[in-house]
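Just below is one structure, and these are the notes that go with it.
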Amino acid sequence: MSSSESEIRIQKIQEIREMGKDPYPPRYYPSDYSADVLKKFQENETPFQVNLAGRVILKRVFGKSLFMTLRDSKGDIQVFGHIEQMKDEYEFLKKKIDIGDMIGVKGEVFKTHKGETTVNAFEVTLLSKAINPLPEKFHGLTDVETRYRQRYVDMIVNPEVKDNFVIRAKVIQAIRQYLYQRDFIEVETPILQQIPGGANAKPFITHHNALSMDLYLRIAPELYLKRIITGGIEKIFEMGRVFRNEGISTRHNPEFTMIELYQAYADFNDMMKLTEEMIASVIKDIKGSTVIEYQGKTLDFTVPWKRLRMDEAVKQFSGIDINQVKDRDELEKKAVEAGLPADKIKGMEYWKLFNTLFEEKVETMLEGPVFITHYPSKTTPLAKNDPSNPLFVERFELFIAGREHANAYSELNDPILQKEKLMEQVSEKKSGDDEAMYFDSDFVNCLEYGMPPTGGLGIGIDRLMMIILNAPSIRDTLIFPHMKPVEE
RNA sequence: GGGCUAAUAGCUCAGUAGGUAGAGCAACGCCCUUUUAAGGCGUGGGUCGAAGGUUCGAAUCCUUCUUAGCUCACCA
């Protein structure tokens, strides 16, 4: 990318070198940060010397003096330069330092006539000459495409973007801390898998040259984590990237971060308690309260959260009581009456129809946080049946702001039943459902050695971040969201 | 993948009875010793997303393509 402004700046680099200065010196050690300096000076207004480093984001020149705004990782501070103070170096600062350059500033803190705490510079060192000009100072960078593609510019110009990613790191740290304190062990399982399992999703395919075989990027770590539970580690979790070859939207990125955790001798009720306590605790840590605003709505994360059976939820929002419906034809008729498009649900299988009813009539209504419990056994092959009604399983999903944020069950550990359920998935795959699960015979073999009764949980970290950051799009929670390449 | 909308200077944006482009900021030159989006005077800067088409003439009208946003579908 070349422009006349870039060319002028490249010319300046040449001139700076001719002056005997290095436009990209090997090192510089600042000893102070903007925010600390401001705080310290405002406490007793006694002048003191500082040594800062940062980026010039504004510059105002008045002949024999000038003002700059310097931005470092903790914030902005004003720098003042004066010809009598800086002598020959003043001309260098005035002519060769541009908006966007990284500089080091040594000087003394004082207060301007207008009352702003400012550093009176006596030495300015160029640390890195910028060739590309920064976006305009007032409107900044608003073009969404450029903000995502060149996130570094977005972060320079919109510091709150940078802050959000720092918060993300703190949330992840808080989650790990919460689990470490409860004796969970962090494990790592294969991302390159021969049989992608643990979720209903289309996988990405890749290729191993030396083995001359295709491999899949994981869609979930679930089946490996259960192998570890079987192996005897009782409390484990994995936080990491999973990949699903599906559409992109404000709620979906092809790769996203998920935490899955498994606890032996626990069930989905224990997972529910853990979920609400962990998330409430993290939100309290980060936001200072369990009551937060999300996109104009108030969400209360104070425990305990609401629990609602799926059949009850469907009854509440659509008027249909699944337990009173005789067969699928009657359900289809009622679903159409409830407003579902007739052509879309025509011929749909009974429980799939029930699921669609839930998705269409209930999900977006759930502001939450609320646990929806007891999903149809038919649609959840890896969960344990509800002993009081085997048509349903011991499972919950967590809904916040009309979106799914977590999924958990009492893990199915009956190898024979598991095998049957996986075989059903295989036949559905054969009949055209490309999101049905693959058959993983080694996983079944593992269960045949006996897995303890176990509770398992998965939480979408990026979606949780949307809530915490009050972000309308998942892209605001990802430093580098997926983008199509620009054609040359 | 479908629908709707958008793409003009480095950035933010104007620009339709079609007549080969403007502003502010940024840049460059000059003036200016306390500014806060500093100010004043002047200068340079664009294959108007790409390719075709209609026309004497296209940023503007038509077609296709690319990218993005929203939305639907799929899903977490």
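Chain letters run A, B, ... following the sequence lines, proteins first and then strands; every chain starts at 1.
Regarding R251(A), its CZ atom lies at a distance of 11 Å from the C1' atom of rA73(B), rounded to whole Å. Atom CD in Q78(A) sits about 11 Å away from atom P in rA37(B), given to the nearest Å. F243(A) has its CZ atom 24 Å from the P atom of rC74(B), to the nearest Å.
Pairing for rA27(B) is with rU43(B), a Watson-Crick or G-U wobble pair whose two hydrogen-bonding atom distances lie under 3.5 Å. Across all strands shown, rA7(B) pairs with rU66(B); the Watson-Crick or G-U wobble distances both stay below 3.5 Å.
Counting non-hydrogen atoms under 4.0 angstrom, R149(A) reaches the backbone sugars and phosphates but no base. Nucleic acid contact for M258(A): none, since no nucleic acid atom lies under 4.0 Å from a heavy atom of the residue.
Listed nucleotides rU71(B), rU12(B), rU33(B) differ in distance to T250(A); the shortest reach to its side chain belongs to rU71(B). With distances taken from any side-chain atom of L141(A) to the nucleotides rU12(B), rA76(B), rU67(B), the minimum falls on rU12(B).
Shown here are the ring pair (Phe, Tyr, Trp, His ring centres under 6.0 Å) partners of H405(A), two or more places apart in sequence or in another chain: there are none. Listed by chain and number, the residues in a side-chain hydrogen bond (donor to acceptor under 3.5 Å, both in side chains) with E89(A) are K21(A) (sequence neighbours excluded). Applying the side-chain hydrogen bond (donor to acceptor under 3.5 Å, both in side chains) criterion to E277(A), with sequence neighbours excluded, gives no partner residue. For E359(A), the side chain to side chain contact (heavy atoms under 4.5 Å, CB included) partners are N355(A), E363(A), not counting sequence neighbours. Listed by chain and number, the residues in a side chain to side chain contact (heavy atoms under 4.5 Å, CB included) with I259(A) are I175(A), L179(A), F237(A), M239(A), I459(A), I461(A) (sequence neighbours excluded).
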Between the protein and nucleotides 25-27 of chain B, which nitrogen or oxygen pairs are less than 3.5 angstrom apart?
residue : atom : partner : partner atom : Å
rC25(B) : O3'  : K137(A) : NZ           : 3.3
rA26(B) : OP1  : K137(A) : NZ           : 2.9
rA26(B) : O2'  : E5(A)   : OE2          : 3.1
rA27(B) : O4'  : E5(A)   : OE1          : 3.4

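When every heavy atom of R227(A) is checked against every heavy atom of F443(A), the shortest pair comes out as NH2-N, 3.4 Å.
Taking side-chain N and O atoms only, S65(A) has no distance below 4.0 Å to OP1 or OP2 of rU34(B). Between K95(A) and the phosphate of rC30(B), there is a side-chain N or O to OP1/OP2 separation shorter than 4.0 Å.
H82(A) and F80(A) have tilted rings, their planes meeting at an angle from 30° to 60° on a 0 to 90° scale.
Ring-to-base geometry places H113(A) in a stacked arrangement with rU34(B) (centre distance under 5.5 Å, plane angle under 30°).
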